[in-house]
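Remarks on the structure that follows.
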Amino acid sequence: QVQLVESGGGLAQPGGSLRLSCTASGSVSSIDDMGWYRQAPGKQRELVAHITSDGNTNYADSVKGRFTISRDNAKNTVYLQMNSLRPEDTAVYSCNAMIRLVLGVSLYDYWGQGTQVTVSS
């Protein structure tokens, strides 16, 4: 009924930039909190950035000042602008959203399929 589709991953050089997008489609009535997570090989998944429905944000300490999360509610889309990339940012990045379905009242937790970000020279 609902899909989260990510795009924008790929290869970047250290110091470079990438912009990730994640769009929700299907029976979406409204979206509350949205976030980006990442998981590097051999490590646990971690929260990168989070944004509420009214635009309040928080970030992992490791990305503060380099990454910016934003959203376009009209497009059901969340973005992650990643600047000053470092090799340690290499991971699979996944988006997450709390979605209320059409004709529903409950919120459901949805995840995207993940997109690979590799930072290497």
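For this chain, numbers begin at 1 and follow the sequence in order.
A donor-acceptor pair is defined here as one N or O able to donate and one able to accept, closer than 3.5 Å; such a pair exists between the side chain of Thr90 and the backbone of Val119. Between the side chain of Ser62 and the backbone N or O of Ala60, no donor-acceptor pair lies under 3.5 Å. Without hydrogens or angle criteria, Arg45 side chain to Ser94 main chain gives no donor-acceptor distance under 3.5 Å. For the pair Asn96 (side chain) and Tyr110 (backbone), a donor-acceptor distance under 3.5 Å is present. A distance-only check finds a donor-acceptor pair linking the side chain of Glu6 to the backbone of Gln113 [under 3.5 Å]. Gln1 places no side-chain N or O within 3.5 Å of a backbone atom of Gly26 that could act as its donor or acceptor partner.
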Exercise for the section: In sequence, state the C-alpha distance, the side-chain angles, and the governing distance for Arg86 and Arg66, and then conclude on side chain to side chain contact (heavy atoms under 4.5 Å, CB included). Expected result: CA-CA 10 Å; Arg86 304 168 180 169; Arg66 301 188 298 121; 3.4 Å; yes
Problem - Val78 and Ile69: CA distance, side-chain angles, deciding distance, side chain to side chain contact (heavy atoms under 4.5 Å, CB included) verdict - result: CA-CA 7 Å; Val78 62; Ile69 189 171; 3.8 Å; yes
Problem - Stepwise side-chain hydrogen bond (donor to acceptor under 3.5 Å, both in side chains) check, Thr77 with Thr23 - result: CA-CA 4 Å; Thr77 298; Thr23 299; 2.8 Å; yes
Practice task
Decide side chain to side chain contact (heavy atoms under 4.5 Å, CB included) for Leu4 and Cys22; before the verdict, give the C-alpha distance in whole Å, the side-chain angles of both, and the deciding distance to 0.1 Å.
Solution key: CA-CA 6 Å; Leu4 291 182; Cys22 173; 3.9 Å; yes
Problem - Worked check of side chain to side chain contact (heavy atoms under 4.5 Å, CB included) between Ile51 and Asn56 - result: CA-CA 5 Å; Ile51 185 167; Asn56 291 317; over 6 Å; no
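Under the 6.0 Å cut-off for aromatic ring centres, Trp36 and Phe67 do not qualify, their centroids lying 6.0 Å or more apart.
Here the CD1-OG distance, from Ile99 to Ser30, works out to 9.0 Å after rounding to the nearest 0.5 Å. For the atom pair OG1 of Thr115 and CG of Leu80, the computed distance is 11.0 Å after rounding to the nearest 0.5 Å. The distance from atom OG of Ser25 to atom CG of Asn76, rounded to the nearest 0.5 Å, is 8.5 Å. To the nearest 0.5 Å, atoms CG (Asp32) and CG (Asp54) are separated by 9.5 Å. The line from OG1 of Thr57 to NZ of Lys64 is 10.0 Å long, rounded to the nearest 0.5 Å.
A donor-acceptor pair shorter than 3.5 Å can be found between the side chains of Ser17 and Asn83. Inspection of the Arg38 and Tyr93 side chains reveals an N or O donor paired with an N or O acceptor under 3.5 Å.
In the hydrophobic clustering of this structure, Met82 does not group with Val92; members are Ile, Leu, Val, Met, Phe, Trp, Tyr whose side-chain heavy atoms approach within less than 4.5 Å, directly or through other members. Grouping the Ile, Leu, Val, Met, Phe, Trp and Tyr side chains by contacts below 4.5 angstrom, directly or via other members, places Tyr108 with Met34. In the hydrophobic clustering of ILVMFWY residues, with side-chain heavy atoms under 4.5 Å counting as a link, Ile31 and Leu101 come out together. Linking ILVMFWY residues whenever their side-chain heavy atoms come closer than 4.5 Å, directly or via other members, places Leu85 and Val48 in the same cluster.
Side-chain atoms of Pro14 and Pro87, non-hydrogen and from C-beta on, do get closer than 4.5 Å to each other.
Closest approach of His50 and Asp33 over heavy atoms only: NE2-OD2, 3.1 Å.
Within a 6.0 Å sphere centred on CD of Gln3, other residues, nucleotides and ligands contribute 12 heavy atoms or fewer.
Under the 6.0 Å distance and 45° angle rule, Arg19 counts as a cation-pi partner of Tyr79.
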